[in-house]
Amino acid sequence: MTIIINMKESLNLRKIRIAARFIKEGKLVAFPTETVYGLGGDALNENSVKKIFLTKGRPADNPLIVHIASFEQLYELASTIPKEAKILAKRFWPGPLTFVLPKRDEVPSITTGGLDTVAVRMPANEIALSLIKLSKKPIAAPSANISGKPSPTSAEHVVDDFYGKIECIIDGGETEIGVESTVLDLTSKPPTLLRPGGLPLEEIERVIGKIKIHPAVKGRIVDVARAPGMKYRHYAPSAQVIVIEGKKDRVHEKIVELIDKYHREGLKVGVMATGGFYDADAFIDLGRNSEEVARNLFKALRELDKKGVDIILAEGIEEKGLGLAVMNRLKKAAGYRTILLR
Ligand code: TXA
Ligand code: MG
């Protein structure tokens, strides 16, 4: 049985208290954040964390992000807090930025996938913050999707993946940002961007100067020691995704050409693009700018999957601002099948 708590209209602390009790009891609660929905459990309780891995079907070496509601809570999780963490937290927390820091012994190794570092963030969502405060626990929460599927940006997506499998889902409506948090490793000098996300790289660099970009951010990588999560298949719908990037008019022509080609092969084709119109079996307009595309991306992948298309042709966008996070997700969803037109 899964209790669904409707909190689309306004914050209801009495209802959040029910969910907080589940967390304290070691049960799982899916909740909204500003990025995507999280599948939460007590980060310091090995059994809760074990349930998160089992429920998602997540490989044990892919570590979780721990969510906190005050900066002081960071001292319970991380053994060293460099000045960059303080500066960035002051500027961007609560918000879509995750720090990787050396972990304290109190954090179970199952939570960190066996690593000696822990990933921590403070989400900018009142429901999430209240849940953390009322449960009095740091909450480990990966995105609330079955491992390998697109991340959930609404409670409906969580219902599709986990109804009947977890204790509670808090429905806070659609998430604002739509892609996950930016993951920044603060144990290296300069810090390293491990995953582009809801906070653009440019904004971080404006505050602390140049940072390193992990090679996996832009391309395929096979053996990754620092961010084990990178090696797994991600965001993948059942359909084969093909990303087409380059000059807008050439991309348009190419998509039209491919629709025709796959139709002749008897395949069902879906298209996701920024504007225009395509005579495909399904067409989703992702929006006018990188913020809109980020917000619509995962929902679009899930919708096209539901329509049963065989191929998804996705228009690439510029890797600036949220575009870097969008393209990182799209390329992974495509298994790096991309066509670049200059
Ligand atoms: O926006 C978000 O970050 C969402 C919401 C729910 O907060 N959560 C999320 O969690 O995206 P998840 O588990 O889907 O992604 C966590 C990412 C993975 O890429 C993982 O490899 C990385 O963070 N990560 C976690 N701990 C790490 C560590 N100690 N070192 C390096 N990477 C780590
Ligand atoms: Mg995820």
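As the structure lists them, so they are numbered: ligands from 1, and atoms in each ligand from 1.
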Short side-chain to backbone donor-acceptor contact, Glu202 and Gly321, under 3.5 Å: yes
Under 3.5 Å donor-acceptor, Arg337 side chain and Ile242 backbone: no
Atoms of ligand 1 close to Pro142 [distance to a heavy atom under 4.0 angstrom, numbered from 1]: 10 (O), 12 (P), 13 (O)
Ligand 1 contacted by Ala141 (non-hydrogen, < 4.0 Å): yes
Arg121 and ligand 1 - part of the residue with a heavy-atom distance under 4.0 Å: side chain
Ligand 1 atoms in contact with Thr117 (distance to a heavy atom under 4.0 Å): 28 (C), 29 (N), 30 (N)
For residues 88-113, which side-chain donor-acceptor pairs fall under 3.5 Å, sequence neighbours excluded?
from: Trp93; atom 1: NE1; to: Leu97; atom 2: O; distance (Å): 2.9
from: Thr98; atom 1: OG1; to: Ser181; atom 2: OG; distance (Å): 2.8
from: Lys103; atom 1: NZ; to: Val107; atom 2: O; distance (Å): 2.6
from: Arg104; atom 1: NE; to: Glu106; atom 2: OE1; distance (Å): 3.1
from: Arg104; atom 1: NH1; to: Tyr75; atom 2: O; distance (Å): 3.1
from: Arg104; atom 1: NH2; to: Glu106; atom 2: OE2; distance (Å): 3.1
from: Thr111; atom 1: OG1; to: Ala43; atom 2: O; distance (Å): 2.9
from: Thr112; atom 1: OG1; to: Ser109; atom 2: O; distance (Å): 3.3
from: Thr112; atom 1: OG1; to: Leu115; atom 2: O; distance (Å): 2.8

Proximal atoms of ligand 1 relative to Leu64 (non-hydrogen, under 4.0 Å): 25 (C), 26 (N)
Mode of Val100 contact toward ligand 1 - side chain, backbone, both, neither (heavy atoms, under 4.0 Å): side chain
Close N or O approach (His67, ligand 1; < 3.5 Å): yes
Nearest-option assignment for atom 33 (C) of ligand 1, heavy atoms, candidates Pro102, Pro32, Pro63, Ala30: Pro63
Sub-3.5 Å N/O-N/O distance, Tyr37 and ligand 1: no
Donor on one side chain, acceptor on other, Arg121 and Thr33, under 3.5 Å: yes
Worked verdict on Ile204 versus Leu199 for side chain to side chain contact (heavy atoms under 4.5 Å, CB included): CA-CA 8 Å; Ile204 299 172; Leu199 182 68; 3.7 Å; yes
Enumerated ligand 1 atoms positioned under 4.0 Å from heavy atoms of Asn62: 18 (C), 20 (C), 21 (O)
Heavy-atom closest contact (Ile68 atom, Pro123 atom, distance): O-CD, 3.5 Å
Metal site the Mg ion (ligand 2): N/O/S of Ser143 inside 2.8 Å: yes
Per-residue contact class, Leu194 against ligand 1 - non-hydrogen pairs under 4.0 Å: side chain
Atoms in ligand 1 flagged as close to Ala119, the criterion being non-hydrogen separation under 4.0 Å: 25 (C), 26 (N), 27 (C)
For ligand 1, the portion of Lys56 having any non-hydrogen atom under 4.0 Å away: neither
Backbone N/O of Thr2 and side chain of Lys165: donor-acceptor pair under 3.5 Å: no
For Leu115, atoms of ligand 1 separated by under 4.0 Å from a heavy atom: 28 (C), 29 (N), 30 (N)
contact_flag Thr112 ligand 1 heavy-atom lt 4.0 Å: no
Phe31: which of Leu131, Ile132, Val158, Ile23 passes side-chain contact (heavy atoms from CB on, under 4.5 Å): Leu131
Glu180 and Ser143 side chains, donor-acceptor separation under 3.5 Å: no
Heavy-atom pair of closest approach, residues Lys15 and Asn6: NZ-O, 3.6 Å
Non-hydrogen atom of Arg58 closer than 4.0 Å to ligand 1: yes
Whether over 12 other heavy atoms sit under 6.0 Å from Lys247 NZ: no
Any N/O pair Ser181/ligand 1 closer than 3.5 Å: yes
Distance filter under 4.0 Å to Gly38 heavy atoms, resulting ligand 1 atoms: 6 (C)
Given Ile170, Asn145, Asp171, Asp161, the one that forms side-chain contact (heavy atoms from CB on, under 4.5 Å) with Tyr37: Asp171
